[in-house]
Asks: 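I have a structure here, written as structure tokens, and I will follow up with some questions on it.
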Amino acid sequence: MSAITYHNDLLAPYLALPRARKSRQNGNATDVWVDGDGGLRSKTTTVTEKVTDLGQLRIWDFDGSSTNQAPGHDSDVYLRPARIFKDPFRGGDNILVLAETYNSDGTPNRTNYRYHANKSMELAKDCQYTLLDVDGTPFGWPKGGFPGPQGPYYCGAGTGKVFGRDLIEAHYRACLYAGINISGINAEVMPSQWEFQVGPCEGIQMGDHLWMARYLLIRIAEQWGIKVSFHPKPLQGDWNGAGCHTNYSTKAMREPGGMKHIDEAIVKLSRRHAEHIAVYGEDNELRLTGRHETGHIGSFSSGVANRGASIRVPRHVASKGYGYLEDRRPASNIDPYRVTGIIVETTVLDK
């Protein structure tokens, strides 16, 4: 597949056109939802007034048979608005709307994990990803060859150490504009691999903000002619995989004496290791090998400042005696609603 040029210069004059004065068209609302394969889809409608509340938005449908969310004979799936973000692509009063998917009988679609994850907790996630050229090779790598071994790329600076920083900066700024709770970015250990952090967020907000941040990343990369991979091990060999490390705490963990509650949560997590791994991402066994800053998928472990463990307790948390824990097992391709849900089930609801 050859690169497809995105004609920003040709598009710009049309985006700058004013709306007709007597028109009832006030702006655009783009619904974004998770499809049946864990990907992202979107469609746009025209709104007749400035939208400031979810109640102003209509519920509309799409062809679920084309997104692996419904059979052809009963293909209507409905989009219910769940959270509003500003639209960094169109600007102005235009918005992006994260939507949940529902069947025609009003029940949540089988892929609607958000519905089941709407609980209360505080989380932050580090979402790693890899930039790929249109031919599927890592962006910026020598064609038919490899860059130098890992070492200088993590949080690197300078030509030959980082690849695609302009795209990453565009994504960062777009997230800030949209109102996504993005807390940072950095280059990762493998060249062409990056990470953005979302949070801390309370409850369902975590999944909402992470999914929309992913959508913006994919859309912006489209303009650069670059693919984004969330595969946990995009390249075999002596290269780090990509995870979605999850920092998690309850109110009791964040207060003095909270280390007791962190330790109790780790014990609970150890008892359901297999159940967690089952929803911690596809192909995660390729990443969780016990090498490249991971614990082995077949066993549970924990430790202070240990990036080779299933659960890491940051050094400063252990020193203070309260704070949070980091679950390092989730892969970069997780559905955050499923991870959020099972962590709460295990550590709070004692399932």
Side-chain angles (χ1 to χ4, degrees), residues 32 40 83 85-89 96 98 122-133 138-141 147 150-201 205-235 239-248 281 287 292-294 307 312 314 316 324 326-328 330-334 336 339:
V32 178
L40 287 160
R83 193 176 298 275
F85 297 89
K86 294 175 66 177
D87 186 342
F89 303 107
L96 301 175
L98 188 75
E122 187 167 286
L123 303 101
K125 291 188 188 293
D126 306 335
C127 185
Q128 298 171 350
Y129 57 94
T130 307
L131 301 180
L132 304 178
D133 222 329
F139 179 73
W141 285 32
Q150 296 184 154
Y153 309 110
Y154 174 70
C155 296
T159 301
K161 295 181 181 178
V162 292
F163 305 90
R165 191 187 294 276
D166 52 351
L167 189 161
I168 274 63
E169 290 291 341
H171 174 244
Y172 195 9
R173 182 58 62 91
C175 285
L176 292 170
Y177 174 88
I180 291 170
N181 189 4
I182 186 169
S183 49
I185 58 171
N186 61 267
E188 266 300 332
V189 177
M190 188 180 86
S192 297
Q193 192 179 81
W194 290 82
E195 172 184 297
F196 64 85
Q197 300 94 36
V198 171
C201 296
Q205 185 185 46
M206 165 51 63
D208 294 352
H209 284 242
L210 181 59
W211 272 120
M212 191 57 73
R214 284 174 172 173
Y215 175 75
L216 294 187
L217 177 61
I218 293 168
R219 279 285 309 274
I220 293 168
E222 171 189 321
Q223 295 181 254
W224 260 255
I226 294 174
K227 294 180 178 180
V228 178
S229 171
F230 295 106
H231 194 278
K233 189 69 174 178
L235 203 72
W239 306 102
N240 274 34
C244 194
H245 305 145
T246 301
N247 299 328
Y248 165 69
R287 167 180 162 263
H292 302 115
E293 303 181 47
T294 70
R307 283 178 165 78
R312 178 180 73 96
H316 71 275
Y324 65 93
E326 178 191 45
D327 192 338
R328 296 181 58 80
S332 52
N333 59 2
I334 55 144
V339 172

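On a predicted model such as this, the values are computed, not experimentally measured, just so you know. Only heavy atoms go into these numbers, but all of them, side chains included; no hydrogens, no water, no symmetry mates.
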Asks: For the CD1 atom of Ile220 and the SG atom of Cys175, what is their distance to the nearest 0.5 Å?
Replies: 6.5 Å
Asks: Look up atom CD in Gln193 and atom CG in Asn186, then write down how far apart they are to the nearest 0.5 Å.
Replies: 10.0 Å
Asks: Taking it one step at a time, do Cys127 and Phe230 satisfy side chain to side chain contact (heavy atoms under 4.5 Å, CB included)?
Replies: CA-CA 9 Å; Cys127 185; Phe230 295 106; 4.0 Å; yes
Asks: Does any N or O in the side chain of Arg328 come within less than 3.5 Å of the main-chain N or O of Glu293, such that one atom is a donor and the other an acceptor?
Replies: yes
Asks: Which residue is it: Ile180, Val32, Leu98, Val198? I am looking for the one with a side chain to side chain contact (heavy atoms under 4.5 Å, CB included) to Trp211.
Replies: Leu98
Asks: Looking at Ser192 and Phe139, would you say the former's side chain and the latter's main chain have a donor-acceptor pair under 3.5 Å?
Replies: yes
Asks: Measuring from atom CD of Glu326 to atom NE2 of His245, what distance do you get when rounded to the nearest 0.5 angstrom?
Replies: 5.5 Å
Asks: Do Val228 and Trp194 have side chains that get closer than 4.5 Å, going by heavy atoms?
Replies: no
Asks: So do Lys125 and Val339 actually touch side chain to side chain, heavy atoms under 4.5 Å?
Replies: yes
Asks: Which residues pass the ring pair (Phe, Tyr, Trp, His ring centres under 6.0 Å) test with Phe85, not counting sequence neighbours?
Replies: His209
Asks: At what distance, to the nearest 0.5 angstrom, does CG of Leu132 lie from CD1 of Ile226?
Replies: 9.5 Å
Asks: Look only at the side chain of Asn181 and the backbone of Pro200, and say whether a donor-acceptor pair between them is shorter than 3.5 Å.
Replies: yes
Asks: Any donor-acceptor pair under 3.5 Å linking the side chain of Gln128 with the backbone of Ser332?
Replies: no
Asks: Quick check: do Trp239 and Val189 have side-chain heavy atoms less than 4.5 Å from each other?
Replies: no
Asks: Once side-chain contact (heavy atoms from CB on, under 4.5 Å) is applied, do any residues pair with Pro88, and if so which ones, sequence neighbours excluded?
Replies: Leu96, Ala174, Tyr177, Ala178, Leu216
Asks: What I'd like to find out is whether the side chain of Leu131 reaches to under 4.5 Å of the side chain of Phe163, using heavy atoms alone.
Replies: no
Asks: Taking the side chain as every heavy atom from C-beta outward, state whether Asn247 and Gln197 have any atom pair closer than 4.5 Å.
Replies: no
Asks: Nearest heavy-atom pair of Ala157 and Val162: which atoms, and what distance?
Replies: N-CG1, 4.2 Å
Asks: If you define the side chain from C-beta out and look only at heavy atoms, does anything of Cys201 sit under 4.5 Å from Leu210?
Replies: no
Asks: Tell me if a side-chain donor or acceptor on His171 pairs with a main-chain N or O of Ala213 at a distance below 3.5 Å.
Replies: yes
Asks: Below 4.5 Å, heavy atoms only, C-beta onward: do Pro147 and Trp141 meet side chain to side chain?
Replies: yes
Asks: To the nearest 0.5 Å, what is the distance between OH on Tyr129 and CD1 on Ile168?
Replies: 4.0 Å
Asks: Please examine the side chains of Met190 and Pro234, heavy atoms only from C-beta on, and report whether any two atoms are closer than 4.5 Å.
Replies: yes
Asks: Take Leu217 and Leu167 through the side chain to side chain contact (heavy atoms under 4.5 Å, CB included) test and state the conclusion after the steps.
Replies: CA-CA 9 Å; Leu217 177 61; Leu167 189 161; 3.9 Å; yes
Asks: Taking all atoms of both residues into account, what is the closest heavy-atom pair of Asn333 and Gly281, and its distance?
Replies: OD1-CA, 3.3 Å
Asks: Once rounded to the nearest 0.5 Å, what's the spacing between atom CG of Leu123 and atom OH of Tyr324?
Replies: 12.5 Å
Asks: Which residue pairs satisfy the side-chain hydrogen bond (donor to acceptor under 3.5 Å, both in side chains) criterion with at least one member in residues 150-170, sequence neighbours excluded?
Replies: Gln150-Asn240, Asp166-Trp224
